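So the structure is just underneath, and the comments pick up after that.
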Amino acid sequence: MSAASTAKAHVMAEAARTGRIGASARQAYDLALAGALGGLFGLYLYVETVEAKSVYVRDAWAGAILGGAIGFFLNAWGPLRDGSWRRMARAAARATPASAVGGAVGLVLGEFVIGAFQGGLLGRAASWTVLGLGIGLGQGIADRSFQRLTFGLIGGGLGGFIGGLCFEALRIALGNRYDLSQALGVVILGGGLGLFLALVEQALRRAWVQVASGRQEGRIYLLARPTCRLGLDEKADVGIFGDPAVERAHAEIVRSGDGYVLRNLSRSGATRVNGAPCAGDRRLGDGDRIELGKTSLIFRRR
């Protein structure tokens, strides 16, 4: 290989690496912002609607409202970014009730945890960790994926721990200003949940695709199921929108043994891998470029 070719390959590899880092950072930022907004919205609903005197009834309602709001925002951000309203409604309809139940159970159990610790910084952090685990569990159940369930538990637990720690530290620092410390703590809880969910997914994911060109450029889709459908269909695991050449069920990526295979489902011949037409099945390698119509995706795996 000539020096010019080697230099060009190095530049292309560095550009791809920079693109991956940028897309991962954007994903983490988006989920952190979505979680923080969900926490803030949930706190508003809680303050305006919950008046129960029983601490356990109050905690159950608070957990359900916070969990449901955070779950809704975390699952709505992707489809909203894609401009797919039906997909957003479907995702939110699954995630909101599951996260609400997880939040309710988590906050009630957290009350017993903080009682066992007799309060304090660690007690509050442990209590909110249980809340985060409940919301994260709801996220995994809603997505019906074992990988997502694992990511949700780890990310939710870490986000809850950080949120509880910050809440108690702020409460002490602000001279028992419970209202202000609660607001900041809940925002940090939601933001932490979103951030750690993204970071845990990025650290532990085994295979994913990143949109390299098209309306959703930079969007990352986790390949969490044995078979992931790609296409215009609102139910597709990898939804490709804004490209008239993409069919509803255009292709699918199938986990086969220790590898992955792209299976063409299109009849138009608008499926290519690394520039070559793909008429049937094609084994994928890390870095392969998949073209569906005018949209390009990069397949990544560990």
Side-chain angles (χ1 to χ4, degrees), residues 31-52 54-77 88 91-117 123-145 148-168 178-179 181-198 200-201:
L31 279 179
L33 181 60
L37 290 174
L40 191 61
F41 181 66
L43 181 62
Y44 169 77
L45 290 179
Y46 164 69
V47 171
E48 291 296 318
T49 60
V50 178
E51 296 181 355
S54 168
V55 64
Y56 295 113
V57 173
R58 187 174 67 245
D59 282 351
W61 274 112
I65 291 171
L66 287 174
I70 292 172
F72 170 81
F73 275 76
L74 287 177
N75 283 271
W77 81 269
M88 184 186 78
R94 290 198 308 264
T96 303
S99 297
V101 172
V105 174
L107 198 56
V108 170
L109 291 178
E111 195 68 39
F112 291 100
V113 171
I114 196 171
F117 278 88
R124 181 70 65 180
S127 171
W128 280 34
T129 297
V130 178
L131 171 62
L133 286 170
I135 299 174
L137 180 65
Q139 294 284 291
I141 292 174
D143 203 58
R144 292 173 294 181
S145 162
R148 290 282 192 188
L149 182 64
T150 303
F151 298 162
L153 287 172
I154 298 173
L158 289 171
F161 181 84
I162 297 297
L165 206 64
C166 291
F167 165 75
E168 193 66 14
Y178 190 85
D179 52 350
S181 61
Q182 182 185 53
L184 292 172
V186 167
V187 169
I188 293 170
L189 167 68
L193 278 168
L195 176 62
F196 283 109
L197 283 171
V200 168
E201 177 182 311

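Treat the numbers as computed from the prediction; the structure is a model and nothing was measured.
Heavy atoms only, all atoms of each residue included: V186 and G39 are closest at CG1-O, 3.2 Å. Among all heavy-atom pairs drawn from G157 and T129, the shortest one is O-CG2, 3.7 Å. Looking at every heavy atom in both residues, A34 comes nearest to F73 through O-CB, 3.2 Å.
F196 has its ring centre no less than 6.0 Å from the ring centre of F151. Ring centroids of W128 and F167 are separated by less than 6.0 Å, placing the two rings close together.
Separation of atoms CG (L31) and CD (E201) is listed at 8.0 Å; rounding is to 0.5 Å. Taking CD of E168 as the reference point, atom CD1 of I114 lies at 6.0 Å (rounded to 0.5 Å). Here the CD1 atom belonging to I135 is positioned 6.5 Å from the CG atom belonging to L66, to the nearest 0.5 angstrom. Summarising the geometry, atom CG belonging to L193 is positioned 9.5 Å from atom CG belonging to L158; distances are rounded to the nearest 0.5 Å. Interatomic distance, I154 CD1 to L149 CG, rounded to the nearest 0.5 Å: 10.0 Å. We find the CG-CG distance between L133 and L153 to be 6.0 Å, quoted to the nearest 0.5 Å.
Heavy-atom neighbours of F41 CZ from other residues, nucleotides or ligands within 6.0 Å: at or below the threshold of 12.
V130 is linked by a side-chain contact (heavy atoms from CB on, under 4.5 Å) to L109, V113, counting only residues two or more places apart in sequence or in another chain. Shown here are the side-chain contact (heavy atoms from CB on, under 4.5 Å) partners of A125, two or more places apart in sequence or in another chain: F161, L165. Remark: E111 pairs with no residue by the side chain to side chain donor-acceptor pair (under 3.5 Å) rule, at least two apart or across chains. For A36, the side-chain contact (heavy atoms from CB on, under 4.5 Å) test picks out V187, with sequence neighbours left out. R94 pairs by the salt bridge (charged side-chain N to carboxylate O under 4.0 Å, His left out) definition with nothing, not counting sequence neighbours.
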Using the rule given for ring-ring contact (aromatic ring centres under 6.0 Å, His included), can you reason through F112 versus Y56, listing the C-alpha separation, both sets of side-chain angles and the distance that settles it, and then say yes or no?
CA-CA 10 Å; F112 291 100; Y56 295 113; 5.4 Å; yes

For residues 95-102, which side-chain N or O atoms pair as donor and acceptor with protein atoms under 3.5 Å away, sequence neighbours left out?
{"residue": "T96", "atom": "OG1", "partner": "A92", "partner atom": "O", "Å": "2.7"}
{"residue": "S99", "atom": "OG", "partner": "A95", "partner atom": "O", "Å": "3.0"}
{"residue": "S99", "atom": "OG", "partner": "Q139", "partner atom": "NE2", "Å": "2.9"}

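No option in V47, I70, T49 other than T49 meets the side chain to side chain contact (heavy atoms under 4.5 Å, CB included) test with I65.
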